[in-house]
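One structure is given below, encoded as structure tokens.
This chain uses plain numbering: 1 for the first residue, then up along the sequence. All values reported here derive from a predicted model rather than from experimental measurement.
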Amino acid sequence: MKAMVMERPRVAVVKEVPEPKAGPGEVVVKVSRTGICGTDFHIFEGEFLSPYPIVPGHEFSGTIHELGEGVQGLSVGDRVTADPSLFCGKCVCCLTNRGNQCAEWGALGNTIDGSMAELVAVPACNVVQLPEGMSFATAAFVEPVACVVHAMNRLRLQAGQSALLFGAGAMGLQLVQALARAGAGRLTVVDVSERKLELARSLGATETVNASAVGSLSGQTFDAVVDATGLPAAIELAMAHMGKTATYLQFGVAPKEAQIRLSPFELYHRDWTILGSMAINRTFLPAFEWVKQGRILLEPLVSKVISLEETPEFLARPKDPELLKVQIQL
């Protein structure tokens, strides 16, 4: 089968690799759509914790191609998506509902071969069947939405609180919708792209600010501040707008070696809460309900669909600030 293999940092090739086989309790999915995530760029750059070589891809949809021994309730040809999480289920974190901090944390496309391939093997218990009418493009968003659900569970925004979000990319625009629906009062979004900011306003932002004019927010503070860029400079700018008793949420993935400056006195004096939001934590099914019930608009966030063969060149190019989600059609 064809797969895109990241052989080492900044070296990715599409080539023939052996087809996966469905082991006991597994299914093999024939991939139809897979999304390109910011984490995939970090893996390409050697900035994540992935081993090499690896087939990336962890947000996907397709049809069941093969059933492993003992799999029940699923059939070849079923239209599905799947939670890429691989938790051990035995460590302290798994046993206390913190699976995303599993001592042996793994995920398809991050620690083992994933969905940027014609076929991918998946634990059958991670698979969710698609309802009639849900497209493969939409279904490939369930994993990103699950990240947003986990983030909102961490943030615990209270109705009427003000929120500031840096970054209106595909993930940021999902967060805009989640924050608006969660009851944010003033919801201000910062980005470099006017087109993305216009979309943010249509999805629930009450105010948008171009990053080139972020000085217009000088002296203004917010109850909740969220970064969806992963850029240290943007993170420091965002944190400068934390009000008294504010909560800060780091959603964007930064390079492993990135650092920021933070005043521990201000942290103490202003009663700040600082949170991280790592991937997903038993939030795939809640996210699936959001998507199934139309609680979050997704297909307008697909900027481009490319082939598997185009993907290595796409990853190697400088990021286009105007692009939202790019998906691969297999």
Side-chain angles (χ1 to χ4, degrees), residues 27-37 57-65 67 71-87 97 99-100 107-109 114-115 120 122-157 169-184 199-200 202-204 228 251 277 279-303 305 324-330:
V27 301
V28 170
V29 174
K30 178 177 174 58
V31 180
S32 177
R33 282 284 180 101
T34 187
I36 299 177
C37 173
H58 57 273
E59 44 188 72
F60 65 97
S61 59
T63 55
I64 293 181
H65 175 75
L67 300 175
V71 174
Q72 297 180 344
L74 296 170
S75 302
V76 171
D78 283 350
R79 301 168 66 252
V80 297
T81 183
D83 183 344
S85 304
L86 302 172
F87 303 155
N97 297 315
N100 65 329
L108 298 171
S115 60
V120 59
V122 185
C125 60
N126 289 31
V127 169
V128 178
Q129 292 175 268
L130 306 186
E132 186 176 348
M134 184 181 289
S135 70
F136 287 128
T138 293
F141 267 102
V142 176
E143 191 279 340
V145 174
C147 294
V148 172
V149 173
H150 177 54
M152 294 304 296
N153 288 343
R154 296 281 286 156
L155 185 61
R156 297 186 182 275
L157 186 79
M171 296 307 300
L173 290 170
Q174 291 171 69
L175 283 163
V176 168
Q177 297 178 70
L179 289 163
R181 284 191 173 273
L199 190 51
S202 74
L203 294 173
F251 184 86
S277 183
I280 67 181
N281 185 27
R282 308 295 184 191
T283 50
F284 196 85
L285 288 178
F288 183 71
E289 280 300 313
W290 270 17
V291 175
K292 185 170 70 172
Q293 302 302 335
R295 294 297 191 185
I296 187 163
L297 294 176
L298 296 167
E299 291 205 27
L301 305 186
V302 179
S303 289
V305 179
L324 294 170
K325 176 61 68 179
V326 175
Q327 291 184 336
I328 302 166
Q329 175 71 50
L330 286 105

All side chain to side chain contact (heavy atoms under 4.5 Å, CB included) counterparts of Asp78, not counting sequence neighbours:
Ile64, Leu74, Ser75, Val80, Gln129
Between the main-chain N or O of Pro84 and the side-chain N or O of Asn126, is there a donor-acceptor pair closer than 3.5 Å?
no
Name each donor-acceptor pair under 3.5 Å that joins a side chain in residues 140-148 to protein atoms two or more places apart or in another chain, with its distance.
none

Return all side-chain donor-acceptor pairs below 3.5 angstrom for residues 286-296, not counting sequence neighbours, or 'none' if the list is empty.
{"unit_1": "Glu289", "atom_1": "OE1", "unit_2": "Gln293", "atom_2": "NE2", "d": "3.4"}
{"unit_1": "Glu289", "atom_1": "OE2", "unit_2": "Lys292", "atom_2": "NZ", "d": "3.1"}

If we ignore hydrogens and angles and just use 3.5 Å, is the side chain of Thr34 paired with the main-chain N or O of Glu59 as donor and acceptor?
yes
Taking only residues two or more places apart in sequence or in another chain, which ones pass side chain to side chain contact (heavy atoms under 4.5 Å, CB included) with Val76?
Leu67
Say you draw a straight line from CG of Leu86 to CG of Leu108; how long is it, rounded to the nearest 0.5 Å?
5.0 Å
Spatial distance of atom OG1 (Thr283) from atom CG (Asp83) [nearest 0.5 Å]:
7.5 Å
Using a 3.5 Å distance criterion without hydrogens, assess whether the side chain of Glu299 forms a donor-acceptor pair with backbone atoms of Ala137.
no
For Ala228 and Gly172, the nearest pair of non-hydrogen atoms, with its separation, is CB-CA, 4.2 Å
If you round to the nearest 0.5 Å, how far is CD1 of Ile328 from OG of Ser115?
7.5 Å
Which atom of Leu157 lies closest to which atom of Ala182, heavy atoms considered
CD2-CB, 4.2 Å
Crowded around Arg79 CZ? As in, over 12 foreign heavy atoms under 6.0 Å?
yes
What's the separation between atom OG in Ser303 and atom NZ in Lys325, rounded to the nearest 0.5 Å?
10.0 Å
I'd like to know whether Leu298 forms a side chain to side chain contact (heavy atoms under 4.5 Å, CB included) with Gln174, so could you lay out the CA-CA distance, the side-chain angles of the two residues, the decisive distance to 0.1 Å, and finally the verdict.
CA-CA 8 Å; Leu298 296 167; Gln174 291 171 69; 4.1 Å; yes
Listed by chain and number, what are the side chain to side chain donor-acceptor pair (under 3.5 Å) partners of His150, not counting sequence neighbours?
Asn100
From CG (Leu203) to CZ (Arg181), nearest 0.5 Å
10.5 Å
Enter the distance from Thr81:OG1 to Arg33:CZ here, rounded to the nearest 0.5 Å.
13.0 Å
Closest heavy-atom contact between Leu324 and Gly169?
CD2-C, 3.7 Å
Which atom pair, heavy atoms only, marks the closest approach of Phe136 to Ser61?
O-OG, 2.7 Å
Identify, with sequence neighbours excluded, every residue that meets side chain to side chain contact (heavy atoms under 4.5 Å, CB included) alongside Ser202.
Leu199
